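Structure first, commentary second.
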Amino acid sequence: MLDKRYSHQAVEQGKYDFWLKNKYFSTHDLTKTPFSIVIPPPNVTGKLHLGHALDTIPADILIRYKKAQGYDSMWLPGMDHAGIATQAKVAERLRKEGIDYHSLGREGFLKQAWAWKDEYASTIHKQWAALGLALDYPKERFTLDDKLNQCVNKVFVSLYNKGLIYQGERIINWDPELKTALSNVEVIHKKDPGTLWYFKYQIVDSNESLIVATTRPETMFGDTAVFVNPKDKRYKHLIGKKCYNPVNGDKLPIMGDSYVDLSFGTGAMKCTPAHDPNDFALANKYNLEKVIVMDESAHMNEKAGVYQGLDRYECRKRVINDLKDKGLLLKEEKIEHEVGHSERSDAVVEPYLSKQWFVKMKPLADAVLKLQKSKKKINFFPARFSKTMIQWMENIDDWCISRQLWWGHRIPVYYKKDGTGMVVSETAPKDIENYRQDEDVLDTWFSSGLWPFSTLNWPDTNDSDYQRYFPTSLMVTGYDLIFFWVSRMVFQSLEFTKEPPFKQCLIHGLIRDELGRKMSKTLGNGVDPFDVIAKYGVDALRYFLTTCSSPGLDMRYDENKVEASANYLNKIWNSARYVLDILGPNFKAETIPFKKLPITEQYIISRLNETIEQVTRNMEKYELGAASSHLYNFVYDDFCSFYLEMSKLTSQNVATKNTLYQVLRGVILMIYPYTPFITEEIYQNLPEHLKSIMLESYPQVDKKAISKEAVAKANLLNSMIKDIRNYKTSNKLAPNLPVNLTIITSDNLFPDFDKYLARFTFAKKVDIVKEGQNQGVIFTYPNATLVVNLEIDKDEMKARLTKELANINNEIKRSEGLLNNQNFVSKAPAAKLQLEKEKYQKHLATKKSLEEKLKAL
RNA sequence: GGAUGCUUAGCUCAGCUGGGAGAGCAUCGCCUUUACACGGCGGAGGUCGUGGGUUCGAUCCCCUCAGCAUCCACCA
């Protein structure tokens, strides 16, 4: 028997272990069609937050739904080593212990990092369990597992051999705090207020001078030219001459190139090839020297002369002051410009000339573009996100994949110590003592990009899991990962498996705080999902996260809605309690043919089937919110408010009992994927049940068990109930005021119609007659009149009926307008036309009846 | 500079391929009715951002504008 109150603590207790122990997440029926998802691997950097819950719960719902639908669901768990993020955290922890991580050396540091990983992996496991995720743990992977590492090496070597990975000296995004290169997507551009300083450059052997504006005076030590636009009349005559660099007196050639924008600054631009990507391109074009002026922590190097050793911003200040003193600073102009910040450290990224490894993107991106134009294309939900990926792929730059870190996949490149060459190989050379392995590791996203197939044991393409579950069925992730991850999985997979990594991709938005702000540590507005779970239960959290949102859009955390979710679950809980009480301990389900059921039972079964149809249709489109709202309406309006109350009259009938049982089963099986804990509890209390709700099948629509007539008949009853209740309330009458009712109709109402009506409206007496007097408060329906026998004010009655008549006349006018409109009659769909005609007839009948009533008054 | 999304009840948001707008919370009134006060019943509250267009018919499709938000982009 269920407890009187729904207690989420009690309900959740032990369920997850029960599922695990019975291997429900990891038992696979190979005769069924597979449905597979690989989890977006969380970083081993900390606790899971609400965003993770939003990322995993929809997937869990679909995994459970598909399993119930008869698929072999497989959800593969795993975690990501998260190179930069984890290394930064481990280094920070060591620093707090007073240890400079460099002092440990590579091996020593990695030991610490692995210990960290084990610690956080165990936290993440607990949190997955708390969220109730149906993960196939025996298949769990970690991006730094040996097998995955081999996979990474194979991919690297293969791309290298094809010329798709190369080493090059280029301007990259340098994080001076973490001292590593970054890829373009790891740089966040923020609008920063900046200053444009105008400096005077003296022309060599001339009295003339040139004014050059820059936002970065500290890089002037690396200038190797000044550019103007050859079309610029102001400066045309200076091209070919030289000017003095104000910071060090170097002679800089004045050159012309159309790249220079005449309208920006003074139209004269300093060129710093080693610290600006555009200047770098110009330097390549004109074969200019590239002078690096900073070290890896963005402090000035020996090229900066007296400024050597200063931080770049300190240097900037000094240079400005010194030039000001010399009278060379002519103007300061405040401007707003975009400045790149490191995604991880938030340090201002320094464009830095450096030797790094790159992936040549064009051919790989082209394959993705081709895929999305083909029949095999990946379907995105919502569809517009395909365009997001495509547009990125169309404008993609080469991908810088080397990172100056220790925690990650070490680049499988070995340099001969004698400097005579290098070997790129999946395994270390046999005479390793003669080699030195590349010190760098790969971008985390390089291995993440292989995730859907590396976890399924690629390159062993004969592996049974690979054969069965790859390509995976669905990817569920946030739109913020389309560039970082989704697109990279797609091109890596196309390149190595010749298949897309997943057939469909469900994209969700971000969760924000109650005010719509991003949750962040600095704002301190983060919500810990485990606080929510403690207060409202994980089922309420799951329900809230997946139903109070729209696919692809951001959502706000709203505690009220979590509470409302919990209340809904309480409603289901109590309806179950009622049903179980009615069924009693000895209930045995039997199948009663639909046509033999009473009308009220036919009605609720019809609505149940309609609901199954609506819910299933939306689940298939991954519209979790829409699916749940159909069920919600059914549970409240049809089941609890109406049928369940009606059933109290006939609760001992076999038909009623079986119907209650069937409807309750349908409801909990449909909501089960959203809220597995409470539904498992209710399910196991059903008189007849399997060992777990996880073994159950999803309800199927029985189209033969839908009777529109039964629904209409029940709705007539419902309308009368509502009208009487409404009348009582609006006339300040007590809801339980006894009344006598007369129904005048030539139609056959269903048996016990009067008894139901009496129960719901506190009527002492209900007469059903074919013809009768209209003495009292009158309500009209297409083929019936309801008379409430009360002493009433005739004027008031008249006014009410007149108002109703006016409404009906409006409806009739509208219907006539449509039906007399030849365009409508000829162009509207036949079903719509038919519906309108029926409505029209109903309205006419009601009108006639109303007019009679008014006349009688 | 490009691109996308959003604008619907006091608040937060639904509204499926066009056919008289819904939920939760808040609010007002009534009800301790034997599943549920984590409740029940009933009500009030919307010119569906602006202006056009397509259509028999537009919250929904197209265009314009406005406001908000996000993403992308090397303008020194």
Side-chain angles (χ1 to χ4, degrees), chain A residues 2 4-6 171 184-185 189 196 212-216 219 227 259-261 263-265 268-272 276-281 337-338 340 351 382 384-385 387-388 391-392 395 397 479-480 482-483 509-510 514 516 536 547-550 552-556 558-561 563-582 614 617-618 621 623 625-626 629-630 632-633 636 640-641 644-645 648 721-722 725-730 732-736 759-760 762 810-811 814 817-818 821-829 831-833 835-836:
Chain A
L2 299 179
K4 174 139 193 214
R5 284 171 66 157
Y6 159 52
I171 295 274
N184 293 351
V185 287
H189 294 274
L196 196 55
V212 176
T214 179
T215 54
R216 304 206 55 203
T219 64
F227 275 89
Y259 168 75
V260 178
D261 181 349
S263 61
F264 190 91
M269 179 191 91
K270 74 189 203 60
C271 177
T272 321
D276 184 285
N278 300 307
D279 296 3
F280 178 76
H337 60 160
E338 295 271 339
R384 66 173 183 275
F385 289 109
K387 214 161 83 181
T388 307
Q391 283 178 351
W392 190 66
N395 303 299
D397 290 322
Y479 62 69
D480 53 328
I482 292 176
F483 303 142
L510 308 177
E514 274 155 332
Y536 298 103
T547 63
C548 296
S549 62
S550 236
L553 296 184
D554 290 353
M555 71 181 298
R556 293 188 191 203
D558 184 343
E559 187 166 338
N560 280 332
K561 288 187 180 174
E563 194 181 344
S565 303
N567 290 346
Y568 174 41
L569 297 180
N570 185 58
K571 187 81 180 170
I572 292 176
W573 177 266
N574 275 293
S575 67
R577 238 162 44 83
Y578 165 79
V579 173
L580 294 177
D581 188 38
I582 296 295
Q614 289 161 329
R617 185 158 39 81
N618 282 291
K621 293 188 292 184
E623 293 272 0
S629 78
H630 285 291
Y632 182 94
N633 292 336
Y636 269 94
C640 291
S641 297
L644 197 144
E645 292 300 330
K648 288 175 181 173
I721 293 166
K722 286 202 151 92
R725 283 173 170 169
N726 183 351
Y727 182 82
K728 284 182 175 178
T729 303
S730 52
K732 311 254 180 228
L733 301 172
N736 55 358
R759 179 183 172 87
F760 280 94
F762 298 89
N810 271 338
E811 289 298 315
R814 176 182 161 272
L818 276 177
N821 183 333
Q822 277 314 304
N823 281 321
F824 175 77
V825 174
S826 58
K827 290 179 184 175
K832 182 68 201 166
L833 185 62
L835 203 72
E836 202 53 50

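Sequence lines set the chain letters: A, B, ... in the order given, protein chains first and strands last, and positions in each chain run from 1. Note that this is a predicted model, so its numbers are computed, not measured.
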What is the per-nucleotide protein-contact pattern of nucleotides 14-20 of chain B, from the 5' end, where B denotes a base atom under 4.0 Å from a protein heavy atom, S denotes such proximity for sugar-phosphate atoms only, and - denotes neither?
SSB--BB
Counting just side-chain N and O atoms, does [X] come under 4.0 Å of either OP1 or OP2 of [N]?
X: A/K648; N: B/rA35; answer: yes
X: A/R556; N: B/rC13; answer: yes
X: A/H337; N: B/rA76; answer: yes
X: A/K561; N: B/rC13; answer: no
X: A/S641; N: B/rC41; answer: yes

Give the rounded distance in Å between these two atoms: [atom1] of [X] and [atom2] of [N].
X: A/E338; N: B/rC75; atom1: CD; atom2: P; answer: 7 Å
X: A/L196; N: B/rC75; atom1: CG; atom2: C1'; answer: 11 Å
X: A/I482; N: B/rA3; atom1: CD1; atom2: C1'; answer: 13 Å
X: A/N395; N: B/rC71; atom1: CG; atom2: P; answer: 18 Å
X: A/D261; N: B/rG1; atom1: CG; atom2: C1'; answer: 12 Å

Among the candidates B/rA35, B/rC71, B/rA73, find the nucleotide nearest to the side-chain atoms of A/F483.
B/rC71
Given B/rA35, B/rG24, B/rC41, which nucleotide is nearest the side-chain atoms of A/R725?
B/rC41
Which residue, A/N570 or A/N823, contacts RNA chain B at a nucleotide closer to its 5' end, judged by nearest heavy atom?
A/N570
Assign each of A/S730 and A/T388 the nucleotide of RNA chain B bearing its closest heavy atom; nearer the 5' end lies the nucleotide of A/S730
A/Y259-A/F227 aromatic ring centre distance below 6.0 Å:
no
Take A/R814 and A/E836 through the salt bridge (Lys or Arg N to Asp or Glu O under 4.0 Å) test and state the conclusion after the steps.
CA-CA 10 Å; A/R814 176 182 161 272; A/E836 202 53 50; 3.4 Å; yes
Toss me the dot-bracket line for RNA chain B: Watson-Crick and G-U wobble, both under 3.5 Å, 5' to 3', using | for pairs to another strand and [ ] for crossers.
(((((((..((((.....[..)))).(((((.......))))).....(.(((..]....))).))))))))....
Can you tell me, in whole Å, how much space there is between the P of B/rG49 and that of B/rA14?
14 Å
Would you measure the distance from the C1' atom in B/rA58 across to the matching atom in B/rA73 and give it in whole Å?
37 Å
Donor-acceptor pair present, A/N560 side chain and B/rC25 base, under 3.5 Å
no
